[in-house]
Amino acid sequence: MCGIVGYVGNKNAQDFLVSGLKRLEYRGYDSAGILTLSDDGKATLIRAKGKIANLEEKLAKLKRSDTIGIGHTRWATHGEPSERNAHPHQAGPIYLVHNGIIENYKELKKATNGHEYQSETDSEVLAALINSFYKDGSHPLINAVVQALKLVKGTYGIAVVSVLNPDEIVVARSGSPLVIGVGHDETLLASDASALIGHTKQAIYLNDGEVARLTKNSVEIKTLNAEPVSAKVEEIETNLAAIQKGGYEHFLLKEIMEQPDSLVETLRGRVNAEEGTVRLGGPGLKEAELRKIKHLIIVGCGTAYHAGLLAGYYIEKFTPEITIETVIASEYRYRQAYIPENSVALIVSQSGETADTLACLREIKQQGVKTIGIVNAIGSTIAREVDGGTYVHVGPEISVASTKAFTSQVIAMVMFGLTIAQAKGVKRTILKPYVEEIAKLPEEIRKVLGEADQEVKTIADKYNGYDHAVYLGRDTAYPIAMEGALKLKEVSYIDANAYAFGELKHGPLALIDDRFFEVAFLPEGELYEKAVSNVQEVLARNGHVIAVTNVPRFDLHVENVVKITTTLTIFAPILMNLVSQLLAYYVTVAKGYNVDQPRNLAKSVTVE
Ligand code: M6R
């Protein structure tokens, strides 16, 4: 949530700041702003409500050749989206950008009563507080920042500059990510490494509790307690192509279509279909430790939570004596949940920065439970704090709606389950079908995407006028229904909810009328006939049903059927999820909404 950029070097700072903000726009898009300083400390502040494009329009009239500056793209927390609430915020000679929430801002505001507030934000309070310690440059900026941060309760990633020292940027983090890019005669800053690609491959990931002073030739890091930190420089692996649309009109469609290849990356070197075995190095658990596992807690939010639910259904089918509890991070962090002995926690997050998931990780770790990350973003906070982990390696996911990450998260977790089952001595004949299907899945995904794409588009054209949708499934198709409903509602703003088929007659059946359409997932399997009976109940109430099935003999008279042709049985629901992704995409495009950046949302949810 919120994107931060910074630049100090010899090149044009405005150019980097704007291009960096465009790459971080997925983190927030309510307003944006940049501030640059000339060599003699003249400040140019440009801010605009809405998208970066609005900022660029203003910038055209205020072009500068300044070589230092900071920028921000906002996801509003305190104060409406508006120009005056846009960052950077000023207090005397200080300008600041902030990602996070200053929880005690009201209290701190009292300590800055000389400052005339221009915005409703908590962030301006921090700027004013830093200024009160800076005393017109009579103290080093970094010291003023440290003094202020020691009083702060909450989360922050900040970048601060002063017109009195136009050759340094002071940055600090606690709970909101910051990456420093080390270039030749230039130092760059961003909330995530994607903004640095094409400028430098050398990155330093700042840790919580660290503050740094950046100049064009130096990066000095210390803790808030003044202990020096020796910076670890890491290589950025992502390339430019991975963060561009590559010929697609939207990132969402690109990311849906990337799934055959992104899943191959998840599987690389981890699956032996002939032997029917998997091998995951990352979790770092010994055979004996795996054998002892009795309880698996899977923690995530939104799509990551749904991935955990689905993986849980699978793992309990083939792993004996294991209890799986998939939990929503924002709930779990405040529960007084008892974690029994021999538990392991899977911490699932695409971004690796989700505040609630991170809080759970820390809480669970404190209880002495082993934590394993199922993470996409390399070097992210969760990836660095877990005891071990498996990167899903799907590459950057830029569209706010998560698609390719879901597919790979499910499979990575199932592979972890298979690793436990192997260690527990489960028969090869039981596990091999899972491994074989996993190995085939990328090509089956490619086939289904090819076959279903235009068919789903045609269906989307018929249903985009509805205001409500109900998604239905049972067993492994139930989490698929939940994920499908989430996808539709978050991008198309159609009110969509998911129910387990068996729950219909306990309430939701009352909803069925002409305002609603129903998406029914009907995979082949022992519960198929039962699910069909449930669809009959919907049809008897004149429901508008779209059935998604891999059953060739399917002959119910529903309004639309999407038939999946596949040799897979176990993972057919994952193929059905592709239909949900395409449906959400095409409905939204038909409605003319911004499919990559839905209103009110942001990609990386770094506030509670
Ligand atoms: O980065 P994470 O996987 O931790 O994000 C979790 C959720 O915020 C995320 O999956 C969200 O629900 C997506 N926008 C859904 O498409």
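Quick note: numbers below take in every heavy atom, side chains included, and nothing from hydrogens, waters or symmetry partners. In listed order, ligands and their atoms are each counted from 1. Just so it is clear, the structure is predicted and the values come from calculations on it, not from any experiment.
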[X] and [Y]: side-chain donor and acceptor closer than 3.5 Å?
X: E265; Y: H393; result: no
X: T303; Y: S402; result: no
X: Y332; Y: D356; result: no
X: E353; Y: T381; result: yes

For atom 13 (C) of ligand 1, which of N376, T606, V605, V400 has the closest heavy atom? V400
Does the Lys NZ or Arg CZ of R515 fall within the cation-pi geometry relative to Y466 - under 6.0 Å from the ring centre and within 45° of the axis? no
Heavy-atom pairs closer than 4.0 Å: do any link ligand 1 to the side chain of K603, the backbone, both, or neither? neither
How about K457: does its NZ atom have over 12 heavy atoms from other parts shown lying under 6.0 Å from it? no
Any chance NZ of K49 has more than 12 other-residue heavy atoms, nucleotides or ligands included, within less than 6.0 Å? no
With the side chain counted from C-beta on, respond yes when V348 and I298 share a heavy-atom pair under 4.5 Å apart, and no when they do not. yes
Numbering the atoms of ligand 1 from 1, which are under 4.0 Å from a heavy atom of [X]?
X: Q350; value: 1 (O), 2 (P), 3 (O), 4 (O)
X: T303; value: 10 (O), 12 (O), 15 (C), 16 (O)
X: K487; value: 15 (C), 16 (O)
X: G302; value: 12 (O)
X: A401; value: 16 (O)
X: S402; value: 15 (C), 16 (O)

For [atom], what's the nearest protein heavy atom and its distance?
atom: atom 1 (O) of ligand 1; result: S351 OG, 2.7 Å
atom: atom 16 (O) of ligand 1; result: E490 OE2, 2.3 Å
atom: atom 6 (C) of ligand 1; result: C301 O, 3.3 Å
atom: atom 5 (O) of ligand 1; result: T354 OG1, 3.5 Å

